[in-house]
Undergrad: 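For reference, the structure I am asking about is given below.
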Amino acid sequence: MSGYSSYYSSSYPMTSSEIATVGTAIAGIMLFVSLIALVIGIIQIIAMWKIFTKAGEKGWKSIIPIYNFVILFKISGLSPWLILVYLAAIIPFIGWIAPIAITALLSYKLAISFGKDGGWAVGLYFLPSIFYMILGFGKSEYVGPNGEQSVFETNTSTEDTENK
């Protein structure tokens with residue numbers, strides 16, 4: 001039994017240089033992950049700016065917390081008051097269902113507003129960073145809430161056909 005206990009004993013303490021090496025490695029990993037998150041965050045902000053601009057809103061509205069959700073709900077054709085449903089998350093056990101449902105609805109309505117289908121809604125829900133970038137930087141155009149063209153776009157398209 002003495003061989004077993006000596007194998008797992010903590011008689012080998014780490015030296016201060018080993019502790020410093022482990023600490024430096026952990027700090028380096030944390031710095032790397034933080035830089036990656038910062039780059040993705042900046043690209044995400046730029047993508048949201050482009051989405052807002054495509055929808056006819058001012059791009060700066062995308063960088064103001066909470067207000068950007070109000071505008072995103074407006075672009076999607078949802079009531080901005082639904083943001084208050086996110087407060088239901090503080091209710092134990094059942095509160096997490098409401099934000100999940102509202103996010104799914106927002107993803108679907110946003111996809112429809114840009115002329116995309118349900119597959120895009122799934123992508124916007126599960127991989128929002130990637131799909132917001134594709135939506136913002138891609139060729140998609142805003143067709144209006146619920147996939148309806150706005151009156152302005154309809155009038156300009158009929159004027160263009162009449163002029164030809």
Undergrad: For I64 versus W60, what's the shortest heavy-atom pair and its separation?
TA: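 For I64 versus W60, the nearest heavy atoms are CD1-CZ3, 3.4 Å.
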Undergrad: Apply side-chain contact (heavy atoms from CB on, under 4.5 Å) to I36 and list each qualifying residue two or more places apart in sequence or on a separate chain.
TA: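 Only F32, I40 meet the side-chain contact (heavy atoms from CB on, under 4.5 Å) criterion with I36.
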Undergrad: Considering non-hydrogen atoms only, spot the tightest contact between V70 and P80 and give its length.
TA: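 Of all heavy-atom pairs spanning V70 and P80, the closest is CG1-CB, 3.8 Å.
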Undergrad: Please table the atom pairs, donor to acceptor, closer than 3.5 Å between any side-chain atom in residues 97-107 and protein atoms at least two apart or in another chain.
TA:
unit_1: T103; atom_1: OG1; unit_2: Y86; atom_2: OH; d: 2.9
unit_1: T103; atom_1: OG1; unit_2: P99; atom_2: O; d: 2.7
unit_1: S107; atom_1: OG; unit_2: T103; atom_2: O; d: 2.9

Undergrad: Write out all pairs satisfying salt bridge (Lys or Arg N to Asp or Glu O under 4.0 Å) with one or both partners inside residues 61-73, taking only residues at least two apart or from two chains.
TA: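 Qualifying pairs, neighbours excluded: E57-K61.
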Undergrad: Going by the rule side-chain contact (heavy atoms from CB on, under 4.5 Å), which residues pair with L84 if we only count those two or more places apart in sequence or in a different chain?
TA: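 Once residues adjacent in sequence are excluded, the partners of L84 under the side-chain contact (heavy atoms from CB on, under 4.5 Å) criterion are W81, L87.
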Undergrad: Considering only residues two or more places apart or on different chains, which pairs with a residue in residues 30-40 satisfy salt bridge (Lys or Arg N to Asp or Glu O under 4.0 Å)?
TA: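 Salt bridge (Lys or Arg N to Asp or Glu O under 4.0 Å) check on residues 30-40 returns no pairs.
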Undergrad: So, using ring pair (Phe, Tyr, Trp, His ring centres under 6.0 Å) as the criterion, who are the partners of W49 when residues are at least two apart?
TA: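 Listed in chain order: nothing, the list is empty.
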Undergrad: Quick one: do K58 and I71 satisfy side chain to side chain contact (heavy atoms under 4.5 Å, CB included)? Show the steps, please.
TA: CA-CA 10 Å; K58 304 276 187 206; I71 301 301; over 6 Å; no
Undergrad: Holding to side-chain contact (heavy atoms from CB on, under 4.5 Å), I want the full list of residues that pass it with I90, two or more places apart in sequence or in another chain.
TA: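 Counting only residues at least two positions away or on another chain, I90 forms no side-chain contact (heavy atoms from CB on, under 4.5 Å).
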Undergrad: Extract all donor-acceptor atom pairs below 3.5 Å that involve side chains of residues 129-138 and protein atoms in other chains or at least two apart in sequence.
TA:
none

Undergrad: Could you give all pairs that pass the salt bridge (Lys or Arg N to Asp or Glu O under 4.0 Å) test and reach residues 37-50, with sequence neighbours left out?
TA: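 For residues 37-50: none.
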Undergrad: Please list all pairs passing the salt bridge (Lys or Arg N to Asp or Glu O under 4.0 Å) test where one or both residues lie in residues 103-132, with sequence neighbours left out.
TA: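 Listed by first then second residue: nothing to list.
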Undergrad: Same cluster or not: F73 versus I63, using hydrophobic residues (I, L, V, M, F, W, Y) connected whenever any side-chain heavy atoms lie under 4.5 Å apart?
TA: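 F73 and I63: one cluster.
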Undergrad: Side chains of residues 20-27: which donor-acceptor pairs under 3.5 Å do they make with residues two or more places apart or in other chains?
TA:
unit_1: T21; atom_1: OG1; unit_2: S17; atom_2: O; d: 2.8
unit_1: T24; atom_1: OG1; unit_2: A20; atom_2: O; d: 2.7

Undergrad: Using the test ring pair (Phe, Tyr, Trp, His ring centres under 6.0 Å), find all partners of F114 that sit at least two apart in sequence or belong to another chain.
TA: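 Only Y142 meet the ring pair (Phe, Tyr, Trp, His ring centres under 6.0 Å) criterion with F114.
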